[in-house]
Amino acid sequence: RQLSRPRRTANGLMYQLRQLQHVTPWIDWHPEDPMVGLPHWVFENPGTFEPQKDAYGWYRRWGLPADEDEDVMMTMQRMMSTQIMYMGKENPQAQYCNILRQNKLKKLQQELKNLKDLEECDLVLTITLVRDRSSLAQPVGHKVWRKLKCGAATLLRTFQDRYLNPSMGWSRNYHGYVFEQLNDGALYGPVDSGAIDMMHANMHGYNGMIDDKEIKLIQIFPQVGAKVAYTYDLGDMWAHMIELTEIVPKEKSDGRVTCLDGAGACPAEDSCGLDGKGNDEFYKAVKKGSINHREFLTALNYKGSGLRRFDATAFNLNKVNERIREAIRSNASEASGAKMFTMPFGNNDPSAFQTIKQQRGCSVDTKPSGWGATLVETKREGKDKKALAVCHACGATKELKTCSGCHLVRYCSATCQKEDWKAHKAACKEAKKTANKPKIREVD
């Protein structure tokens, strides 16, 4: 609207583009960007941007409005013509979303000051595998859901890795994921993830994600009734609704992580045994009884389970809590080295994977899949980073102290350490013995 009268010459067109770049200083444009095929919100001031609801009444993907006049062909032509221009640099849409991310982070930091008292409380959250990922509609009839209790100060990354995925039955550190705050569309996720499906993040509009290692649960669940969408696997897009149903009073909170209730068995990773992918196909297959049981049970989260058939109604609270306990007793997942099936050239010997970049304090774990490929994952060794550490006994994240014997695990109290001693004793003594061994100096 601020452009002068259209000029038909090439010089006139370039003049108009420069004018448009001048009135959009929040974008670092490439000098040769034709500035066509872009969503209209890129040209709106992000400082005054107001998120908009989608057709189902939710704020999704930063609340950015859909462009009803979008020309699909022009958008595709733009992608092909500008991808080299912005190579090594974020495109205009990502730049815009990053400004929204920065604005949201400032707001979260300010709000956290008013939530200090609630950080000492426990939260009770209900997680439901919804029927449809677009509408987030609740399933009719059969439903897969869990009710979890954990500390309000838990980091979102820890919640996903050690509590949420194990309780549902998903694998740890295998796929990418994203949390969407449904009251403003803010996005949170593993920005450092090496999961192969993270390549789809931008395609789904997940630009400008806030690092989930920087956010506490209480910041996105500040009051009872708060809802957040959780999408797991950015290929199959398994959609969940997470709702805060209770804030436990401070005097009754202990930070102990536990699954309180639930129902239904988790779908198979990679939609194994289904005709299609995702929530709707799973619930349809359960209703029709059309699941391919043999294929279903080859999935990563069911392989080796000993099951002969998949029972969609199966739910064992003790087993769910055993999975959570196993997760809190192991190291935090190394997101940058997510699980990946690989076909090495030559043979499946572990030495074939030595070319994989290893981080300090990590090792590469390899397991044969049984069908030719090898499952590769980078795992952290030794003690967890302080920010991602949890109590080795109960999973709490507050006031942790390192075990004086092995110096590898942490506990939130002397009570938890005594409770866990029987299970930890052997490993503790072995670690202590290894640490006391004199180091042999190699001489050429």
Side-chain angles (χ1 to χ4, degrees), residues 1 23-27 37-72 75 78 90-112 114-115 125 128 130 132-138 156 160 176-191 198 200-212 214-232 234 237-244 279:
R1 293 177 183 176
V23 297
T24 54
W26 48 86
I27 302 295
L38 286 162
H40 64 83
W41 45 261
V42 170
F43 303 100
E44 297 179 17
N45 189 338
T48 58
F49 173 77
E50 291 291 335
Q52 296 184 23
K53 293 181 179 179
D54 64 10
Y56 301 100
W58 304 112
Y59 291 101
R60 309 290 297 272
R61 299 167 181 83
W62 291 113
L64 295 168
D67 198 337
E68 297 178 358
D69 300 323
E70 180 184 11
D71 186 324
V72 178
T75 301
R78 174 181 173 77
E90 292 180 323
N91 63 34
Q93 297 97 308
Q95 291 181 47
Y96 192 92
C97 290
N98 278 333
I99 297 173
L100 298 181
R101 174 179 61 83
Q102 292 165 9
N103 294 341
K104 178 64 177 181
L105 273 172
K106 291 177 183 177
K107 185 178 178 182
L108 287 168
Q109 289 168 0
Q110 293 172 352
E111 293 174 343
L112 186 59
N114 301 321
L115 299 171
L125 300 153
T128 306
V130 297
D132 177 69
R133 69 182 177 91
S134 298
S135 65
L136 299 178
Q138 292 289 315
L156 197 52
Q160 190 278 343
Y177 59 88
V178 64
F179 292 94
E180 291 178 271
Q181 202 167 351
L182 295 173
N183 66 341
D184 63 3
L187 302 173
Y188 308 87
V191 296
M198 286 298 288
H200 302 306
N202 291 343
M203 182 182 71
H204 292 301
Y206 298 139
N207 287 306
M209 284 193 296
I210 295 173
D211 190 345
D212 60 349
E214 300 178 7
I215 304 300
K216 297 177 181 180
L217 281 179
I218 194 61
Q219 291 179 274
I220 62 172
F221 293 103
Q223 58 190 15
V224 172
K227 294 180 179 179
V228 171
Y230 168 61
T231 302
Y232 171 70
L234 304 189
M237 303 291 285
W238 292 102
H240 309 68
M241 175 72 83
I242 308 176
E243 181 177 359
L244 177 61
N279 302 53

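Every heavy atom of this structure was used, including side-chain atoms; hydrogens, water molecules and symmetry mates were not. The chain is numbered in sequence order, starting from 1.
- Contact of the E214 side chain with the L105 side chain is registered, since non-hydrogen atoms from C-beta on lie closer than 4.5 Å.
- Atoms CD and CD1, on Q181 and I210 in that order, are 8.0 Å from each other to the nearest 0.5 Å.
- Checking side-chain atoms of D132 against main-chain N and O of A137 turns up no donor-acceptor pair under 3.5 Å.
- Between P65 and Q52, the closest heavy-atom pair is CB-OE1, 3.5 Å.
- Residues passing the side chain to side chain donor-acceptor pair (under 3.5 Å) test with R133, sequence neighbours excluded: none.
- L182 and M241 make their closest contact through CD1-SD, 3.7 Å (heavy atoms, listed as atom of the first residue, atom of the second, distance).
- Contact between V191 and M209 at its shortest, heavy atoms only, is CG1-O, 3.5 Å.
- M198 and G176 get closest at one heavy-atom pair: SD-CA, 3.6 Å.
- The CD atom of Q219 sits 4.5 Å away from the CG atom of L112 when rounded to the nearest 0.5 Å.
- Checked by atom type and distance alone, the side chain of E90 never pairs as donor or acceptor with a backbone atom of Q95 at under 3.5 Å.
- The distance from atom CD of Q138 to atom OG1 of T128, rounded to the nearest 0.5 Å, is 4.5 Å.
- In this structure, the separation between CG on L244 and CD on Q223 is 9.0 Å, given to the nearest 0.5 Å.
- In terms of heavy-atom proximity, G205 sits nearest to L187 at O-CD1, 4.0 Å.
- The NZ atom of K227 sits 15.0 Å away from the CD1 atom of I220 when rounded to the nearest 0.5 Å.
- T24 is not listed as a side-chain neighbour of V42, based on a closest heavy-atom distance of 4.5 Å or more.
- A 4.5 Å side-chain heavy-atom check between L125 and V228 finds every atom pair outside the cut-off.
- Between D54 and S134 the shortest side-chain heavy-atom distance does not fall below 4.5 Å.
- Scanning all heavy atoms of the two residues, the minimum distance from P92 to I27 falls at O-CD1, 3.4 Å.
- Counting only heavy atoms from C-beta outward, the side chains of N103 and F49 never approach each other to under 4.5 Å.
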### Query
Taking it one step at a time, do N279 and W238 satisfy side-chain contact (heavy atoms from CB on, under 4.5 Å)?
CA-CA 6 Å; N279 302 53; W238 292 102; 3.7 Å; yes
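- At a threshold of 4.5 Å between non-hydrogen side-chain atoms, the residues N207 and W62 do not count as touching.
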### Task
Test N91 against N202 for side-chain contact (heavy atoms from CB on, under 4.5 Å), laying out the working first.
CA-CA 11 Å; N91 63 34; N202 291 343; 5.7 Å; no
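- Using modelled atom types, one finds no donor on one side chain facing an acceptor on the other under 3.5 Å when comparing Q160 with D212.
- Between the CG atom of N183 and the CH2 atom of W58 there is a distance of 11.0 Å, given to the nearest 0.5 Å.
- Contact annotation: the side chain of E180 approaches that of Y206 to within less than 4.5 Å [non-hydrogen atoms, C-beta and beyond].
- Ring geometry, H200 versus H204: the interplanar angle exceeds 60°, so the pair is classed perpendicular (tilted spans 30 to 60°).
- Looking at heavy atoms from C-beta onward, L108 lies in side-chain contact with K104 at the 4.5 angstrom threshold.
- Residues passing the ring-ring contact (aromatic ring centres under 6.0 Å, His included) test with F179 are Y177, Y230, sequence neighbours excluded.
- Ring geometry for W26 versus Y96: interplanar angle over 60°, hence perpendicular rather than tilted (30 to 60°).
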